[in-house]
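Shown next, in structure tokens, is the structure this report addresses.
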2 protein chains.
Amino acid sequence: MSHTLGIRQAQKQKTRQALLDAALGLLEEQSLSSLGLREVTRAVGVAPTAFYRHFRSTADLGVALVEEALGSLHPMIRTTVSTTGDHEERITRAIELISRHVDGYPAHVRFIARERHGGVQPVREAIRAQLARFAQEVKDELAQDPVSEGWSEDDLLMLAHLYVDQMLITASLFLEAQEGPEEEREERTRNVAQVATRQMRLIGLGRHHWLD
Amino acid sequence: MSHTLGIRQAQKQKTRQALLDAALGLLEEQSLSSLGLREVTRAVGVAPTAFYRHFRSTADLGVALVEEALGSLHPMIRTTVSTTGDHEERITRAIELISRHVDGYPAHVRFIARERHGGVQPVREAIRAQLARFAQEVKDELAQDPVSEGWSEDDLLMLAHLYVDQMLITASLFLEAQEGPEEEREERTRNVAQVATRQMRLIGLGRHHWLD
DNA sequence: AATTACAGAGAACAGTTGTTAACTGCATGG
DNA sequence: CCATGCAGTTAACAACTGTTCTCTGTAATT
């Protein structure tokens, strides 16, 4: 399946990735709508015009970043809400997974949180579409749980959206906890985990009594 | 209390407000971090340098916009979660209030959703502080409810945050529903209201069984 | 071995940006 | 009534932006 790329195409993908990485770095302190194409090429060390060989505009680059940040996340989502284990276990595992992901890819998480409601329409749309896919997948996973017996499709989807939004909020809070003075960072992180856990627990309770 | 302003100060406040209004308008299609000071003054019809008489920078203007968008919202928050009426009634009333607010001040809502995780640190901080106040107020309101008997302070606050985040998500969804083709707008709005109502209901269920 | 395709460089463009300085006119307070 | 304060203007600056066109070297194709 995987055709070995020629020297030419390999080098092209390399600079393309360099542009994406540089952009992601620059986006830690600003929004996509203020990101200049020259700014990005300067950070990579390449001529401004080279940008056009890879992206039509910075908005286009933004859409590619959405793909990079969320595209490869679908397997993890399935694991997160997989139906194995006790309820409390599942919650702990989900929070743990989110925490680790934020630690591993903080810039990606920041980018998604920032641009989800950001000033660039195509990027918002791309994020919206990916999150809708996530919700669908969560719904499918929930449907396999015996607890969901008797639930309507609509109700499963509304719960799935609730979970997805909750994951994003939690991820964003973990990110905020990382900023600021080093000393109390661990305490802040633990606090976020604790609150998020209890919120998930409460939602889980509501879920169990939904059909009363 | 209210001292009648001189002609001078009145005119100053008028242009200041004009700057805020123009900025809010321009921010419908971009983020604050890309908003130029000249852009704003041009929209108002005033010299660029006049900007400095009112704000140190666009970030400073952003903080003022946060105040305008959220500062006057505290009474409404208290009403929204006030303990009068049946549970189902309260939910309906809350969703209704959110919907009306989005209808009345769409640009304000968009601004807050966009800049909450936006690229301008002081603005993020200002929004965070206001939302923390909201959570405190919601907590106080919840504490007065008989249902909250036996709840710890921490748990009340975690539930309050859950409610506040849920309100913001719902507001943002109402906003998205307003965009796009006119025809199905009402249907989209009704759908948002329906899903949000059920999510609130589920959270409410979890709340009732929290102490089991 | 000769030809083509194409990633990236270089230079130039018209237009924009934030900020400075010195100014003007008028409402205000003595 | 006059002197002061100050909102807003005008002009100018160096720096920056996105985009176009032309050119170069080299990998890929024939």
Side-chain angles (χ1 to χ4, degrees), chain A residues 2-27 29-65 115 118-123, chain B residues 2-27 29-65 115 118-123:
Chain A
S2 72
H3 181 256
T4 312
L5 271 51
I7 299 179
R8 194 102 191 227
Q9 301 228 6
Q11 177 55 31
K12 178 167 184 182
Q13 289 216 3
K14 210 170 163 184
T15 52
R16 187 192 136 99
Q17 191 57 47
L19 289 168
L20 288 169
D21 292 347
L24 202 57
L26 292 164
L27 285 173
E29 316 182 351
Q30 63 183 312
S31 307
L32 183 64
S33 86
S34 66
L35 183 70
L37 127 195
R38 292 185 100 106
E39 203 178 345
V40 179
T41 55
R42 193 185 313 128
V44 174
V46 89
T49 47
F51 187 91
Y52 292 108
R53 300 285 177 192
H54 304 274
F55 307 103
R56 233 180 284 275
S57 63
T58 52
D60 193 22
L61 178 145
V63 173
L65 275 178
E115 301 304 330
V120 183
Q121 200 258 337
V123 172
Chain B
S2 71
H3 182 256
T4 313
L5 272 48
I7 300 178
R8 193 105 191 224
Q9 301 228 6
Q11 177 55 32
K12 177 167 183 181
Q13 289 217 2
K14 210 168 163 184
T15 52
R16 185 191 137 99
Q17 191 58 47
L19 288 168
L20 288 169
D21 292 348
L24 202 56
L26 292 164
L27 284 172
E29 314 181 352
Q30 62 183 311
S31 305
L32 183 62
S33 85
S34 67
L35 184 70
L37 128 197
R38 292 185 101 108
E39 203 179 346
V40 179
T41 56
R42 193 186 313 131
V44 173
V46 88
T49 47
F51 186 91
Y52 293 107
R53 299 285 177 194
H54 304 275
F55 307 102
R56 233 180 284 277
S57 62
T58 51
D60 194 23
L61 177 145
V63 173
L65 275 178
E115 300 304 329
V120 184
Q121 199 259 340
V123 172

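Since the model is a prediction, treat every value here as computed from it, not as a measurement. So you know, we letter chains A, B, ... as the sequences are listed, proteins then strands, and number each from 1.
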Integer-rounded Å distance: [N] [atom2] and [X] [atom1]:
X: A:K14; N: D:dA27; atom1: NZ; atom2: P; answer: 14 Å
X: B:I7; N: C:dG29; atom1: CD1; atom2: P; answer: 11 Å
X: A:R38; N: C:dA9; atom1: CZ; atom2: C1'; answer: 13 Å
X: A:D60; N: D:dG18; atom1: CG; atom2: P; answer: 14 Å
X: B:R16; N: D:dG8; atom1: CZ; atom2: C1'; answer: 17 Å
X: B:F51; N: C:dG18; atom1: CZ; atom2: C1'; answer: 11 Å
X: A:L37; N: C:dG8; atom1: CG; atom2: P; answer: 14 Å
X: A:Y52; N: D:dC23; atom1: OH; atom2: P; answer: 20 Å

Atom pair [atom1] ([X]) and [atom2] ([Y]), whose distance is rounded to the nearest 0.5 Å:
X: B:R16; Y: B:D21; atom1: CZ; atom2: CG; result: 11.0 Å
X: A:L61; Y: A:F55; atom1: CG; atom2: CZ; result: 4.5 Å
X: A:S31; Y: B:L32; atom1: OG; atom2: CG; result: 8.0 Å

Between C:dT20 and B:T49, counting only base atoms on the nucleotide and side-chain atoms on the residue, is there a donor-acceptor pair under 3.5 Å?
no
Report yes or no: is there a donor-acceptor pair, N or O only, under 3.5 Å between the side chain of B:R8 and the base of D:dC6?
yes
Specify the residue among B:Q9 and B:R53 whose closest nucleotide of DNA chain C lies further upstream toward the 5′ end.
B:R53
Where the side chain of B:E115 meets the backbone of B:V123, is there a donor-acceptor pair that is under 3.5 Å apart?
no
May I ask you to decide if B:A18's main-chain N or O and B:T15's side chain share a donor-acceptor pair within less than 3.5 Å?
no
Looking at B:T15, does any N or O in its side chain come under 4.0 Å of the phosphate oxygens OP1/OP2 on D:dG8?
yes
So does A:R42 get a side-chain nitrogen or oxygen closer than 4.0 Å to the phosphate oxygens (OP1/OP2) of D:dT17?
yes
Between D:dG8, C:dT17, C:dA9, which nucleotide gets closest to the side-chain atoms of B:A50?
D:dG8
